[in-house]
Chemist: 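Shown below is the structure under consideration.
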There are 2 protein chains.
Amino acid sequence: METLKKYRAAGGGNCAVRNVLDRLGDKWSMLIIIILGHEGTMRFNQLHHGIGDISQKMLTVTLKILEADGLVVRKVYAEIPPKVEYSLTERGRSLLPHLEGLAQWAEANMQGIYASREKYTAGV
Amino acid sequence: METLKKYRAAGGGNCAVRNVLDRLGDKWSMLIIIILGHEGTMRFNQLHHGIGDISQKMLTVTLKILEADGLVVRKVYAEIPPKVEYSLTERGRSLLPHLEGLAQWAEANMQGIYASREKYTAGV
DNA sequence: AACAATAGTTACTTCGCCGTAACAATCGAA
DNA sequence: TTCGATTGTTACGGCGAAGTAACTATTGTT
């Protein structure tokens, strides 16, 4: 009961770990962190057009959250037209290997998972 | 542009990796996998009462999804009252270290993240 | 004078995750 | 015969995440 105890001691639903992980569970955070981790520094429209299927609104919202959590730095250049560059902070870079580990696991296992899903729905 | 190319080549929003990871991003999957990973085998009510703040419905739904993805095995005993045991599959166990890595990262960084959030909201 | 480029913001709407509460099935026990 | 134990299922509804489209701001360009 070690894990359960820890979880309940941490306040169950108010568990701080979950509070942190919940943010990463949204639709775009992980992808943006991984991309920024690989590309280094990117401008807003570079991310926007690069990802392609993210809306302008969700990109700003997600970047704002990542910035608030100290995972991404936003560097504004006082130019017209505007120029803003995004990159990972040290904290963001420390998260990167974990997300890549997850992504690699998903890539390695998605075949089997798809097979399981089909088998499961077929059996029901 | 390596990551972006891969992402777009994989179909952007239909990216298989994301399809797999989206499931883990829900409210309960990660927690259940981690708990099952530590406890080994648990019955339905053991999980239910243990977690405490999960509804009966969400526990069944989440377990069903994890079972469909081949991450959890469900073992039914032909008894009255019913007895069902849940445990991780080999695939589920292979995911465990990645989730624990994430959880440990979150635990190690939540202080700093909270500080960043406060600083950020104060600055706006 | 209108337009292009960049980086957003805002209002409106839709979608689906999740919670709540009641119900289902089955047998033994009081 | 009603209750309790265990593992669910179902109907209903709220709320927040996310999409769409229009609008803003600023300056140089045509």
Side-chain angles (χ1 to χ4, degrees), chain A residues 12-15 18-32 35-36 41-69 72-87 120-121 123-124, chain B residues 12-15 18-32 35-36 41-69 72-87 120-121 123-124:
Chain A
N14 298 323
C15 170
R18 198 153 92 201
N19 183 296
V20 170
L21 292 185
D22 274 353
R23 296 233 177 162
L24 299 174
D26 67 6
K27 193 167 176 183
W28 300 108
S29 291
M30 287 200 196
L31 180 64
I32 290 178
I35 289 178
L36 280 181
T41 295
M42 291 180 85
R43 299 183 59 181
F44 184 85
N45 271 346
Q46 231 179 325
L47 278 164
H48 188 198
H49 294 130
I51 297 178
D53 56 346
I54 188 176
S55 70
Q56 206 171 29
K57 173 192 154 191
M58 285 316 298
L59 182 55
T60 45
V61 167
T62 307
L63 285 170
K64 222 179 277 184
I65 290 175
L66 293 177
E67 190 199 356
D69 282 8
V72 159
V73 246
R74 190 176 158 218
K75 189 173 180 185
V76 183
Y77 293 83
E79 303 178 2
I80 293 291
K83 176 176 174 184
V84 183
E85 281 182 350
Y86 293 93
S87 52
Y120 183 84
T121 48
V124 178
Chain B
N14 298 322
C15 171
R18 199 154 92 203
N19 182 295
V20 170
L21 292 184
D22 274 353
R23 296 233 178 164
L24 300 175
D26 67 6
K27 194 167 177 184
W28 301 108
S29 291
M30 287 200 197
L31 180 65
I32 290 178
I35 290 178
L36 280 181
T41 295
M42 291 180 83
R43 298 184 59 180
F44 184 86
N45 271 347
Q46 232 180 325
L47 278 164
H48 189 199
H49 294 130
I51 297 177
D53 57 346
I54 188 175
S55 69
Q56 207 171 29
K57 173 192 155 190
M58 286 316 299
L59 183 55
T60 44
V61 167
T62 306
L63 286 170
K64 222 180 273 184
I65 290 174
L66 294 176
E67 190 199 356
D69 282 8
V72 159
V73 244
R74 186 168 167 241
K75 188 172 178 186
V76 184
Y77 293 82
E79 302 177 1
I80 294 291
K83 176 177 175 183
V84 182
E85 281 182 350
Y86 292 92
S87 52
Y120 183 84
T121 49
V124 179

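Residue numbers start from 1 in every chain, and the chains themselves are labelled A, B, ... in the order their sequence lines are given, proteins ahead of strands.
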Chemist: Separation of A:Leu59 atom CG from C:dG8 atom C1', in whole Å?
Modeler: 10 Å
Chemist: What's the NZ-C1' distance between B:Lys57 and C:dC23, to the nearest Å?
Modeler: 15 Å
Chemist: D:dA18 P sits how many Å from A:Asp53 CG, rounded?
Modeler: 13 Å
Chemist: Heavy atoms under 4.0 Å, any strand shown: does A:Glu79 hit a base, just sugar-phosphate, or nothing?
Modeler: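 Contact class for A:Glu79: none.
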Chemist: Could you check A:Phe44 against A:Gln56 for side chain to side chain contact (heavy atoms under 4.5 Å, CB included), going step by step and ending with a plain yes or no?
Modeler: CA-CA 9 Å; A:Phe44 184 85; A:Gln56 206 171 29; 3.8 Å; yes
Chemist: Counting just side-chain N and O atoms, does B:Arg23 come under 4.0 Å of either OP1 or OP2 of C:dC17?
Modeler: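 Result: no.
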Chemist: Rounding to a whole Å, what distance do you find between B:His48:NE2 and D:dT6:P?
Modeler: 13 Å
Chemist: Output the rounded distance in Å from CG (A:Asp22) to P (D:dA18).
Modeler: 12 Å
Chemist: Compare the minimum distances between each of C:dG8, D:dG19, D:dT6 and the side chain of A:Thr60, then state the nucleotide with the smallest one.
Modeler: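 Nearest to the side-chain atoms of A:Thr60, counting from C-beta on, is C:dG8.
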Chemist: Short question: side chain of A:His49, backbone of A:Asn45 - any donor-acceptor pair under 3.5 Å?
Modeler: yes
Chemist: Send over the distance from B:Leu63 CG to D:dT6 P, rounded to a whole Å.
Modeler: 17 Å
Chemist: Is the phosphate of C:dA5 approached by A:Asn45 (side-chain N or O, under 4.0 Å from OP1 or OP2)?
Modeler: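 So the side chain of A:Asn45 is outside the cut-off, no N or O lying under 4.0 Å from OP1 or OP2 of C:dA5.
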Chemist: Are any of A:Arg43's side-chain N or O atoms less than 4.0 Å away from OP1 or OP2 of C:dT6?
Modeler: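 Looking at the OP1 and OP2 atoms of C:dT6, neither is under 4.0 Å from any side-chain N or O of A:Arg43.
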Chemist: Is there a donor-acceptor pair closer than 3.5 Å between any side-chain N or O of B:His48 and the backbone N or O of B:Ile54?
Modeler: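 A pair under 3.5 Å: yes.
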Chemist: If you look at every strand shown and take non-hydrogen atoms under 4.0 Å, does B:Tyr86 touch a base, only sugar-phosphate, or nothing?
Modeler: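 Sugar-phosphate, backbone atoms only, no base.
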Chemist: Check whether any side-chain N or O of B:Lys64 sits under 4.0 Å from OP1 or OP2 of D:dG8, and answer yes or no.
Modeler: no
Chemist: Phosphate oxygens OP1/OP2 of D:dG19: is one of them under 4.0 Å from a side-chain N or O of A:Lys27?
Modeler: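 For D:dG19, OP1 or OP2 has a side-chain N or O of A:Lys27 closer than 4.0 Å.
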Chemist: Which nucleotide wins on minimum distance to the side chain of B:Trp28, given the candidates D:dT20, C:dC18, D:dA5?
Modeler: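 Selected nucleotide (nearest to the side chain): C:dC18.
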Chemist: To the nearest Å, how far apart are A:Leu47 CG and C:dT6 C1'?
Modeler: 14 Å
Chemist: Could you check if a side-chain atom of A:Leu66 sits within less than 4.5 angstrom of a side-chain atom of A:Asp69, using non-hydrogen atoms only?
Modeler: no
Chemist: On DNA chain D, nearest-nucleotide positions of A:Gln56 versus B:Phe44: which is more 5'?
Modeler: B:Phe44
Chemist: Given D:dA5, D:dA18, D:dT7, identify the nucleotide with an atom nearest to the side chain of A:Met58.
Modeler: D:dA18
Chemist: Is there a side-chain polar atom (N or O) of B:Arg74 under 4.0 Å from OP1 or OP2 of D:dG8?
Modeler: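 Answer yes for this pair, as a side-chain N or O of B:Arg74 is under 4.0 Å from OP1 or OP2.
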Chemist: Within this structure, what is the CD1-to-C1' distance between A:Ile80 and D:dT27, rounded to whole angstrom?
Modeler: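 It is 6 Å, rounded to the nearest whole Å.
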Chemist: Main chain of B:Lys64, side chain of B:Glu67: is a donor-acceptor contact present, judged purely on distance under 3.5 Å?
Modeler: no
